[in-house]
Amino acid sequence: MKIFTGIQPSGDLHIGNYFGAIKPMLEQKNNLIMFIADYHAMTSVLKKNNLLKENIKKAAAAFVSLGLDYKNNIFYLQSDVKEVLELYWILSNFTPMGLLERAHSYKDKIAKGISPNHSLFSYPVLMAADILLFDANKVPVGKDQIQHIEIARDIAIKINNEFGQIFSLPEALIDENMQTIVGTDGAKMSKSYSNTIDIFTDYKSLKKQVNKIASDSTPLEEPKDWQNCNIFKIASLFLNEDEQNSLKQRYASGKEGYGHFKLYLCDVIWEYFSKARAEYERLLSTNEIYDILNIGKDKAKVLAKQNLDKIKQAMNI
Ligand code: ADP
Ligand code: TRP
């Protein structure tokens, strides 16, 4: 089974991204094709502040330092494999307007007052090209991306109906057990809610983010309820069973306040990512990450060229 997924380079990664998406992906030891979706990111980043180059370097350095096995898998930058743009145009000819007009993510953005342009509208066609170019069958994504995978499937079916079995049909791989990591306010952790705890921030900022975690007003000398405590919920992501049990005891003892638990959590997070953080900083201070992306580019291009040739031949282009 080939697992294929793309991630937009969209600024600093938080622990919700890590436990919800990155860690499960990194557990995949081989047969993984993963790319940084920089063309997709252009739909928002270009207009704001053009941090694209910086964000690409940060995202690539983050995945590699967190343990992405780029040697045994394929890890590439979308814009390094231009074949995707040719396929995107070919697919456009088989994409009814209505299919794109019904896309929730497009409609949501319009509803938020973002003025619609063509790249935003045709975003799902480019995503279909990403997937179909690599003949991917399982595509792990968040729930918000399911419809985009369905669009890719619809386009593939339309072309298969006219030209024979060119494409295998992609399926979204949704992890139903995937937990939603809570942010500092108890809601889903998300960049858009400013309630994140970032993976690679400095100690002072980490402390500031952890200090924002909402807690109740139980006085220091009273036992505290770990079950409904966001500090505990976040800490438990990082702790083994014994460590969780001893933290529960500290909650029950009535000798410590939430401030102590926050300080503890801060140290736990700092320690957990310390090796990755050192590697991340090293990668950011050199150009090594571009060599790593070049390795991926070479591997991805071979597959992309082969498949695109096959597709064009079958379609008599
Ligand atoms: P954000 O909401 O901060 O913008 P993204 O939408 O860029 O995050 O998410 C990137 C990936 O991380 C997606 O696969 C998404 O499902 C996962 N993810 C983001 N936030 C969380 C969270 N709070 N809990 C679990 N997974 C998350
Ligand atoms: N649209 C996806 C997101 O925002 C990123 C993406 C682009 C993608 N192309 C893809 C994901 C192909 C899976 C497969 O999360």
Side-chain angles (χ1 to χ4, degrees), residues 2-26 28 32-45 55-56 58-59 62-63 66 74-79 81 84-85 87-88 91 100 103-106 108-109 112 119-120 122-153 155-156 170-199 209 230 233-234 237 300 304:
K2 202 179 338 173
I3 306 267
F4 178 87
T5 199
I7 304 209
Q8 283 203 37
S10 46
D12 296 320
L13 294 168
H14 53 73
I15 61 175
N17 298 140
Y18 181 72
F19 288 102
I22 302 171
K23 189 164 175 269
M25 197 77 65
L26 300 183
Q28 182 74 23
L32 173 70
I33 304 182
M34 180 172 159
F35 70 98
I36 297 184
D38 59 329
Y39 282 144
H40 282 96
M42 283 184 190
T43 58
S44 54
V45 169
N55 284 353
I56 290 168
K58 276 181 163 180
F63 296 127
L66 288 168
I74 301 182
F75 175 52
Y76 70 96
L77 179 65
Q78 186 182 29
S79 61
V81 182
V84 75
L85 295 179
L87 184 58
Y88 161 68
L91 300 185
L100 301 180
H104 305 304
S105 77
Y106 175 71
D108 289 350
K109 291 202 169 104
K112 277 190 196 137
S119 69
L120 203 58
S122 65
Y123 182 111
V125 189
L126 180 59
M127 187 156 158
D130 291 324
I131 297 168
L132 299 177
L133 185 60
F134 286 88
D135 207 24
N137 33 36
K138 301 284 177 198
V139 187
V141 282
K143 292 207 171 87
D144 59 316
Q145 297 293 318
I146 297 177
Q147 196 190 22
H148 288 158
I149 311 292
E150 286 166 358
I151 293 175
R153 224 181 136 82
I155 298 173
E171 258 175 66
L173 200 65
I174 304 289
D175 183 355
E176 289 301 340
N177 299 321
M178 200 262 268
Q179 20 175 359
T180 298
I181 312 302
V182 293
T184 53
D185 56 357
K188 175 186 183 258
M189 186 176 288
S190 169
K191 278 189 297 292
S192 356
Y193 305 149
S194 305
N195 64 356
T196 61
I197 297 176
D198 294 336
I199 302 176
Q209 290 181 332
N230 291 327
K233 274 186 200 152
I234 296 174
L237 297 166

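Throughout, residue positions are numbered sequentially from 1 according to the sequence presented. Both counts, for ligands and for their atoms, begin at 1 and track the order of listing.
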- prompt: Is there side-chain contact between Leu120 and Tyr106, with at least one heavy-atom pair below 4.5 Å?
  reply: yes
query: Looking at atom 25 (C) of ligand 1, what's its closest protein heavy atom, distance included?
result: Gln179 O, 3.4 Å
- prompt: Between Thr196 and Lys191, what is the shortest heavy-atom contact and its length?
  reply: CG2-N, 3.7 Å
Check: Leu66 and Ile199 side chains under 4.5 Å, non-hydrogen atoms: yes
query: Checking Asn195 side chain against Ser190 main chain: does a donor-acceptor pair fall under 3.5 Å?
result: yes
- prompt: Which atoms of ligand 2 sit under 4.0 Å from any heavy atom of Tyr123?
  reply: 1 (N), 2 (C), 3 (C), 4 (O)
- prompt: Is it true that Gln8 lies under 4.0 Å from ligand 1, counting heavy atoms only?
  reply: no
query: Which bit of Phe134 is near ligand 2, meaning a heavy atom under 4.0 Å away: side chain, backbone, both or neither?
result: neither
- line: With Phe35 as partner, the option from Phe4, Phe75, Phe63 fulfilling ring-ring contact (aromatic ring centres under 6.0 Å, His included) is Phe4
message: Under 3.5 Å between any N/O of Gln145 and any N/O of ligand 2: does that happen in this structure?
response: yes
query: For ligand 1, which atoms, with element, lie under 4.0 Å from some heavy atom of Gly20?
result: 25 (C), 26 (N)
Any residue meeting side chain to side chain donor-acceptor pair (under 3.5 Å) with Asp108, in chain and number order, not counting sequence neighbours: none
message: Would Ser192 count as a polar contact of ligand 1, with the cut-off being nitrogen or oxygen pairs under 3.5 Å?
response: no
- prompt: Are the side chains of Leu173 and Val139 in touch, meaning some heavy atoms are under 4.5 Å apart?
  reply: no
- prompt: How far is atom 24 (N) of ligand 1 from its nearest protein heavy atom, and which residue and atom name does that atom have?
  reply: Ile181 N, 2.9 Å
- line: One finds that the ligand 1 atoms under 4.0 Å from a non-hydrogen atom of Thr180 are 24 (N)
- request: Determine, counting only non-hydrogen atoms of the protein, whether one lies under 4.0 angstrom from atom 9 (O) of ligand 1.
  value: yes
- line: Ranking Ser10, Pro24, Ala21 by closest non-hydrogen atom to atom 14 (O) of ligand 1, top hit is Ala21
query: Between Lys143 and ligand 1, which part of the residue brings a heavy atom under 4.0 Å of the ligand: side chain, backbone, both or neither?
result: neither
- prompt: Which bit of Ile149 is near ligand 2, meaning a heavy atom under 4.0 Å away: side chain, backbone, both or neither?
  reply: neither
statement: atom 5 (C) of ligand 2 sits nearest the protein heavy atom Gly6 O, 3.5 Å
task: Could you say whether the N/O atoms of Ser190 and ligand 1 ever approach to under 3.5 Å?
output: yes
message: Can you confirm, on distance only, whether ligand 1 has an N/O atom lying under 3.5 Å from any N/O atom belonging to Met189?
response: yes
message: I'd like to know if the side chain of Thr5 and the backbone of Pro140 have a donor-acceptor N/O pair within less than 3.5 Å.
response: yes
statement: So OG of Ser105 and CD1 of Ile146: to nearest 0.5 Å the spacing works out to 12.5 Å
field: Ile197 side chain near Thr184 side chain, heavy-atom distance below 4.5 Å
entry: yes
Counting only pairs under 3.5 Å, give me each side-chain donor-acceptor contact of residues 122-136, with atom names and distances, residues two or more places apart or in other chains.
residue: Ser122; atom: OG; partner: Tyr88; partner atom: OH; Å: 2.7
residue: Ser122; atom: OG; partner: His118; partner atom: O; Å: 3.0
residue: Tyr123; atom: OH; partner: Gln8; partner atom: NE2; Å: 2.7
residue: Asp130; atom: OD1; partner: Gln78; partner atom: NE2; Å: 2.9
residue: Asp130; atom: OD2; partner: Gln78; partner atom: NE2; Å: 3.3
residue: Asp135; atom: OD1; partner: Ser168; partner atom: N; Å: 3.3
residue: Asp135; atom: OD1; partner: Ser168; partner atom: OG; Å: 2.7

query: Of all the non-hydrogen atoms in the protein, which one sits nearest to atom 9 (N) of ligand 2, and at what distance?
result: Asp130 OD2, 2.8 Å
task: Dump the intermediate steps for side-chain contact (heavy atoms from CB on, under 4.5 Å) on Ile33 and Ile3, then the final yes or no.
output: CA-CA 6 Å; Ile33 304 182; Ile3 306 267; over 6 Å; no
message: Quick check on contacts: which atoms of ligand 2 are under 4.0 angstrom from a heavy atom of Val139?
response: 13 (C), 14 (C)
Contact atoms of ligand 1, heavy-atom distance to Lys191 under 4.0 Å: 1 (P), 3 (O), 4 (O), 7 (O), 8 (O)
task: Please say whether Asn17 places an N or O atom under 3.5 Å from an N or O atom belonging to ligand 1.
output: yes
field: Nearest-neighbour protein heavy atom for atom 27 (C) of ligand 1, which is reported as residue plus atom name and distance
entry: Gly16 O, 3.4 Å
message: So, regarding His148 and ligand 2 (criterion: nitrogen or oxygen to nitrogen or oxygen, under 3.5 Å), is there a contact or not?
response: no
field: Heavy-atom side-chain contact between Met42 and Ser119 under 4.5 Å
entry: no
